[in-house]
Amino acid sequence: MALLETRNATKRFGGLTAVNDLSFDLDEGAIVSVIGPNGAGKTTFFNCIAGFYQIDEGSITLDGTEIHEQRPDKIARLGLSRTYQNIRLFGGMTAAENVLVGEHQHLESSWFRTVFRSPKRLQKGWTIRGRHLHLPVSSVDREEAEARAEAERLLAYVGLEGTADTSASNMPYGDQRRLEIARALGASPRILLLDEPTAGMNPAETHDLTGLIRRLRDDLGITILLIEHEMRVVMDISERITVLDYGERIAEGSAAEIQSDQRVIEAYLGKAAAEAEAERIETAAEAASTPAESD
Amino acid sequence: MTAQTATAQTSADERPDWSLNTDRHAWKPVVIAGLLFAFAALYITLVGLVNTFHERDTIEDVITLGQTMLLVTFGSAGYVGATRAPKGPLNAIIGAAVTGLITGAALSALLIVGPALDLRDFFPNASPDLYNLLSGAEFFELENTREMWRGEAFPVTFWFPSVVAMSVGVVGGLLTLMPRRARNLIVLVIGAIIVMGMFASVVRSPMLQHDATSGVARDIFSSSGLRMPGAILVAVSVIIIYAIWVVFHPRERWRAVPAETKHSPLLTIPAGALVLIVVLLLPLGFTGFIPAVIALIALYALMGLGLNITLGLAGLLDLGFVAFFAVGAYTLALLTSTGELGIAQWSFFVAVPFAMLAAMGFGILLGLPILGIRGDYLAIATLGFGEIIAILARSDLLKDYIGGPNGILNVPKPLASMGIEIPPDHWLAGPNQIYYISLICILVISFIAIRLRDSRLGRAWVAIREDEDVAEALGINLVQTKSLAYMLGAAFAGLGGAIFAALYGSIISSSVNLNVSILIVTIVTLGGMGSIPGMILGAIVIIGLPELFREFAEYRFLFYGVALILVMRWRPEGLLPSRVGRQELHDDEPALEGEEKPPSSPGGPGEAPATSTGGA
Amino acid sequence: MQTTLRPRRSPSRTETAFEAAVNVFLWAFRIILVLIVVVGSYLTITSGKFTVDTWVTLIINGAVQGGIYALVALGYTMVYGIMKMINFAHGEIFMIGIFAGYFTAEILEDFGILNASALASLFSITLMMIVAATISTLVALAVERVAYRPLRHSPRLVLLISAIGASYFLQYTVRGLVGPGIFKYPTIDVMEEETGLPILSALGMTWIQVIVIGSALLMMAVLYAFVMRSKQGTAIRAVSEDKEAAALMGVDVTRAVVITFGVGAAMAGAAGVLYGLYWGQVQFYTGFIPGIKAFTAAVLGGIGNIPGAMVGGFVLGEAESIGSLLIIDGLGVPSPGQLKDVIAFTILVMVLMFRPQGIMGERLSRSRA
């Protein structure tokens, strides 16, 4: 059974069918890309999976549990995290705080204990005549400290070491994208949906990010579902590529298979280009099968 | 280019250009400014601000507050006119004169038209007193009879406002030509005199109590403003202080609120101690009605802190705050009143927790249904609830239980409810008890707020406020988290209501109205959302000022309305914002290219509104 | 650099209990409200206290009030559609219309025109409505320019607070200008008479009622035609649906917004005159509660939906008129008229909770994004 399965998922907005009868499997530990021309329904698809939208028909299952009628926070607690096409960070918070929000579901402290814990000063204690006196460390503070350490570890992991106390809105664009990923990682997800993670990045940053995505899967075992327009990234790291157009799946396969698929070319470049490409392949095939002229 | 010509060029650039710009279009902004100020001048006269403030002196026998308002308007008109005029000192002066003239001309027109049409049927403030004031009757020692104002003739001196406005306008315009320091100094001196004139009665009253200071008090202050010696004293003090400040901060521009400054502990501890002493002893220095005002300020600060959790942290605009205030007040009244509606004669301190619990209960009751609603709609829904409670409070349906319009009376003060009688002059008299109780509550609430803010819950609240959908996608249960904020706010509103009932000895249904909610929202918004010192400042300004200056009281909501609009326009994070507020609402650094601010939660109550289309 | 993934946490017991409690509560809420309506109505009808005549009167009153609500609701709904903000100050625009009508009426009366003849009265009313519409429009445009336009990229909360500020500012400006007293509209004798017309006089309708309902319907029809047929109206609809796309198509967004404000305000101003003619008096705070109720009507009909505002207005008017007698009195509540406003607010909350898209709004998606 695949980690994420959609069966005949359909999403309509009034007269427009954004996602049309889409069935899709995502195996655990895979890196899969979803591509397609603008308006193909990719982000809508993500929104449906994450619970932002409710599909009108069909089903979506995560690790055996049906999630298509669940609230987003329930889905998050089942192990799904995502990033966004337009960066949606919490601008008023620091980087570390953003990641801490990501860790929300893993922290336990009740608000009661938060209010009534002993102050840190008393917990640190004093040394009097060689003996150290202190109040026991409250569970809340211990948990907060661990969470904070984890946040810093995650920031370092995505390459944002030392930025823990920088305000999120002050960070450069590339760093903000990474921060969003770090925040998503805070939830310890099993599956991560990345919506155009390399948008607006230069080639060097793109290369770094691609490596990071691979490491997410290799080191942490996270299953990755990726929306991307940058074809180099797609062809580079995807084990499988799904192509959408007008909300339907028109092709699926490896990088090589997709590149030569007629329907894909037609979707991106139009019918004329598809036909031209078909001709080119035919001519090449003919040339290959025609015996060379010999003297 | 040789050195000679270079210097000749620079000195040519430095000489001011005294030419007159004759391009018609260049003067359009000046005329528009003039019209705007003319409108403002007519506004403040017809709304009655000038008349009312005419009762209060700025400097006794010299100028009243009403006249000051007019002069400030004229001066500002000139200033703006000068800044909008084409470049060059002559143009600036002419610009100032033009705006001043237009402003004054509007008032002159009023002097001609008003008596002829007897506008008093429509605008009661267009009275003979106003006309006398505007036409400078006292300066010309004219006896403008009442008949004259009934349309027989217009005043001889109808040109007076125009001339005064133009002159003062030119003075205002000259300010633009002065060096920055001089300009600041003049503005500060004038401002200080005006402010001290307004505060005169407040400062005067404790000074009169003690023999040492009473003589000085009588010399400096009159019953409603400054005396001439007082004005001179203020002016000189300001000049001296400014001079000292300039010496120590030669380059710094004056900022309304300093940026995050690091204070050395050496300075903070004595400063903090001083503040503490002042706060603790504050009500003891005053007599009369002022201690009650101080208690009321503390009470509203308390409620502001409560709303601060709901609105400042979690971003829930609760316009029905008054509902929980009412529940708390009525509960306390029912439990402690010695009158006929009281159902128990408990002591204040025993009853308060119950009042808070009742308010919290209502918080859950009213909150749960509506906390799924988003943004603006939540605000209106809470408003609706507040109104429902207000209607129920004065209804006949519940009259037998809570007294209808008459409410519940005979609510004893805290110590009295415990059977301890306090003579009225004692430092623990009624209002002061409330004050100290409120102080303690403020400390407790601040403590809770600070503890929660830096916790998982506090972060969840801020996340919800910034981007609700993303917060939900990170595993935050929206309804539960919002409910907690809402309930806490309700609890503290109930606490406020209970204390309010004890302060006034009763709770009547007319005290339960939307204005209370709006007042507290204004305190939180103006003071600075999420910021505790902001709350306190907000309460002082919004509650204290109208109580201390009765003339303001009539127009308080007018000022609040303007203040809200201006603050939202220029400083939406509030006067003393928290770090988060400043980051969120006041990006001083523009976003980097290609970046967008996180979009705010879309409108529509949890569902896409009918007119929107889906995303790609 | 390794991090470890944490095991999944299932929700704590308090959380699940809370969830269950919330659901139970919401259902109980619905049931209690239905019970109140049903039981109250039943008791009233079976008690036979009220005659058919009473109900007819109530229905007509409801239509009159509903027409006024509908006109004001149009302003709310149009502004929300195009700017996605609730124009809190709209109730005050309405109130300014009432006052403008009052002053015009006073002047007309001083000149003897108001009651000179039936035709003169009709002319007077039309003039009053034009004056009121004009003044309301000017004020609304000023408010838009000063309090809303500079904030159009600000978070929604900031805009709403600015609107609240504008509302209070307008209220207390009017209070300062004219004083806190009650101002009574001069009586127009013709208005009080019953119409001589066949069906209408059988219902006992007076001219004033006919005029209010008639003008309301007429104005709504004109507005609808404007929005649907004219170029500017189409521009407004385009901006309401997708501001950026419309701008890219060459639509002047600012102008569309200004026209929307203007039209909504004109409707409200004219409605103010109708209100003044019908209810007879006005104070500086008279606009506030009807403003909220008109907003309720807009939400009830489907916010952003123009026919919806019209429908919502009439439904709310009838609900208020009939409901207080039908439901509240039936339950034995003393002075049921006092609780009339509760009906409107309850409808507001119920609609927002259970059917936020209103009667005529389309349910495009159950979306959270």
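In what follows, chains carry the letters A, B, and so on, assigned in the order in which the sequence lines appear, proteins first and then strands, with residues in each chain numbered from 1. Please read these numbers as outputs of a predicted model, since none were measured by experiment.
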Enquirer: Going by residue number, which parts of residues 305-313 of chain B are within reach of chain A, meaning a heavy-atom gap below 4.5 Å?
Expert: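 Residues qualifying by a heavy atom under 4.5 Å from chain A are absent, so none.
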
Enquirer: Atom CZ of residue position F362(B) - does it have more than 12 heavy atoms of other residues, nucleotides or ligands inside 6.0 Å?
Expert: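 Not buried by this count: 12 neighbours or fewer within 6.0 Å.
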
Enquirer: Quick check: closest heavy atoms across A76(A) and G475(B), and the distance to 0.1 Å?
Expert: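 Closest approach of A76(A) to G475(B), heavy atoms only: CB-N, 3.6 Å.
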
Enquirer: So V462(B) and E97(A), do their side chains get closer than 4.5 Å, heavy atoms only?
Expert: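 Of all side-chain heavy-atom pairs linking V462(B) with E97(A), none is under 4.5 Å.
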
Enquirer: Side chains of L474(B) and F90(A): closer than 4.5 Å at any heavy-atom pair?
Expert: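 Side-chain contact under 4.5 Å: yes.
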
Enquirer: Between R459(B) and E144(A), does at least one N-O distance fall below 4.0 Å, as a salt bridge requires?
Expert: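 Looking at R459(B) and E144(A), the cut-off is met.
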
Enquirer: Just jot down the ring-ring contact (aromatic ring centres under 6.0 Å, His included) partners of Y486(B), sequence neighbours excluded, or say none.
Expert: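 Testing Y486(B) for ring-ring contact (aromatic ring centres under 6.0 Å, His included), a comparison that skips the adjacent residues, returns F324(B).
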
Enquirer: Does any heavy atom of chain A fall under 4.5 Å from the side chain of I476(B), the backbone, both, or neither of them?
Expert: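 The answer is both parts of I476(B).
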
Enquirer: Considering only heavy atoms from C-beta outward, does the side chain of R71(A) approach that of L478(B) to under 4.5 Å?
Expert: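 No, too far: nothing below the 4.5 Å cut-off.
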
Enquirer: Is it the backbone or the side chain of L100(A) that comes under 4.5 Å from a heavy atom of chain B, or both, or neither?
Expert: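 When you check distances to chain B, atoms from both the backbone and side chain of L100(A) fall under 4.5 Å.
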
Enquirer: Please check if the side chain of E466(B) supplies one atom and the backbone of G91(A) the other of a donor-acceptor pair under 3.5 Å.
Expert: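 Flag set: sc E466(B) to bb G91(A) pair under 3.5 Å.
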
Enquirer: Can you give me the closest heavy-atom contact between M93(A) and A463(B), atom names plus distance?
Expert: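 For M93(A) versus A463(B), the nearest heavy atoms are CE-N, 3.6 Å.
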
Enquirer: State whether the side chain of R456(B) and the backbone N or O of L107(A) hold a donor-acceptor pair below 3.5 Å, judged by distance alone.
Expert: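 Yes; judged by distance alone, with no hydrogens or angles, the pair exists.
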
Enquirer: Go through the atoms of I450(B) and report whether side chain, backbone, both or neither lie under 4.5 Å from a heavy atom of chain A.
Expert: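 Interface part for I450(B): neither.
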
